[in-house]
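Structure first, commentary second.
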Amino acid sequence: KALISSHGDMSFVHRLIMMIRSELAPFTASLLTDVPTDYQSYIYEYCLFGTLGLIKKWMERDFLESPETMAKLTHQLLIENLNQGNVLHG
């Protein structure tokens, strides 16, 4: 929990962000092709830091949910939402 708090290990937070980026980038790139380039970076950052927020909350709850449950929740909130076209199109 302390690792991603405001007084936590910033190198851990940076590594976590980089790991999320590497996993998220291929999905968002393929799903945002119809979105104007100017908006793609906003949507990507929203997805990135939304995922980080989910992980932070999961840690705060002492990993109450299984990793599979969290993966499904993340997929539903981010990927399925993008797949349905629920994003800004200019």
Side-chain angles (χ1 to χ4, degrees):
K1 290 182 213 179
L3 288 173
I4 60 174
S5 72
S6 59
H7 302 291
D9 180 355
M10 292 312 293
S11 67
F12 173 78
V13 174
H14 179 71
R15 287 192 310 271
L16 185 57
I17 289 171
M18 296 309 292
M19 183 181 71
I20 295 169
R21 276 189 200 281
S22 70
E23 295 294 323
L24 189 60
F27 291 109
T28 56
S30 65
L31 296 173
L32 298 177
T33 56
D34 294 338
V35 176
T37 306
D38 293 347
Y39 295 122
Q40 288 180 13
S41 62
Y42 289 114
I43 296 166
Y44 176 76
E45 291 296 309
Y46 177 81
C47 292
L48 172 65
F49 287 99
T51 302
L52 184 61
L54 287 172
I55 293 169
K56 182 177 184 281
K57 180 54 72 177
W58 185 44
M59 292 173 77
E60 289 171 356
R61 291 171 48 93
D62 292 322
F63 307 100
L64 182 63
E65 296 80 13
S66 70
E68 294 80 13
T69 297
M70 293 307 297
K72 183 177 180 180
L73 177 60
T74 303
H75 189 271
Q76 288 174 333
L77 291 172
L78 299 176
I79 306 305
E80 288 181 18
N81 211 17
L82 291 174
N83 270 333
Q84 293 174 13
N86 296 330
V87 295
L88 183 63
H89 289 283

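Index from 1, following the sequence.
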Check your understanding: How long is the gap from SG on Cys47 to CG on Leu31, to the nearest 0.5 Å?
Key -> 9.0 Å

Point to revise | Non-hydrogen side-chain atoms of Leu52 and Ile17 separated by less than 4.5 Å | key: yes

Practice item. Considering non-hydrogen atoms only, spot the tightest contact between Trp58 and Glu65 and give its length. Key: NE1-O, 2.8 Å

Review point. Are Lys57 and Leu54 side-chain neighbours, meaning at least one heavy-atom pair lies under 4.5 Å?
Key: no

Exercise for review: Can you establish whether the number of heavy atoms outside Phe49 located under 6.0 Å from its atom CZ is more than 12?
Suggested key: yes

Review point. What pairs with Thr69 under side-chain hydrogen bond (donor to acceptor under 3.5 Å, both in side chains), at least two apart in sequence or on another chain?
Key: Ser66

**Study point:** Listed once per pair and sorted, the side chain to side chain donor-acceptor pair (under 3.5 Å) pairs that draw on residues 17-27, sequence neighbours left out
**Key:** Arg21-Glu45

Study note, to complete from the structure: Residue set satisfying side-chain contact (heavy atoms from CB on, under 4.5 Å) with Thr51, at least two apart, ordered chain then number -> Ile20, Ile55, Thr74, Leu78

Exercise for review: Check whether Met19 and Tyr46 end up in the same hydrophobic cluster, where Ile, Leu, Val, Met, Phe, Trp and Tyr are linked by side-chain heavy atoms less than 4.5 Å apart.
Suggested key: no

Point to revise | Pairing of Glu60 and Lys56 as salt bridge, 4.0 angstrom limit | key: yes

Review point. Could you state the interatomic distance from CG (Leu16) to CE (Met10), rounded to the nearest 0.5 Å?
Key: 11.0 Å

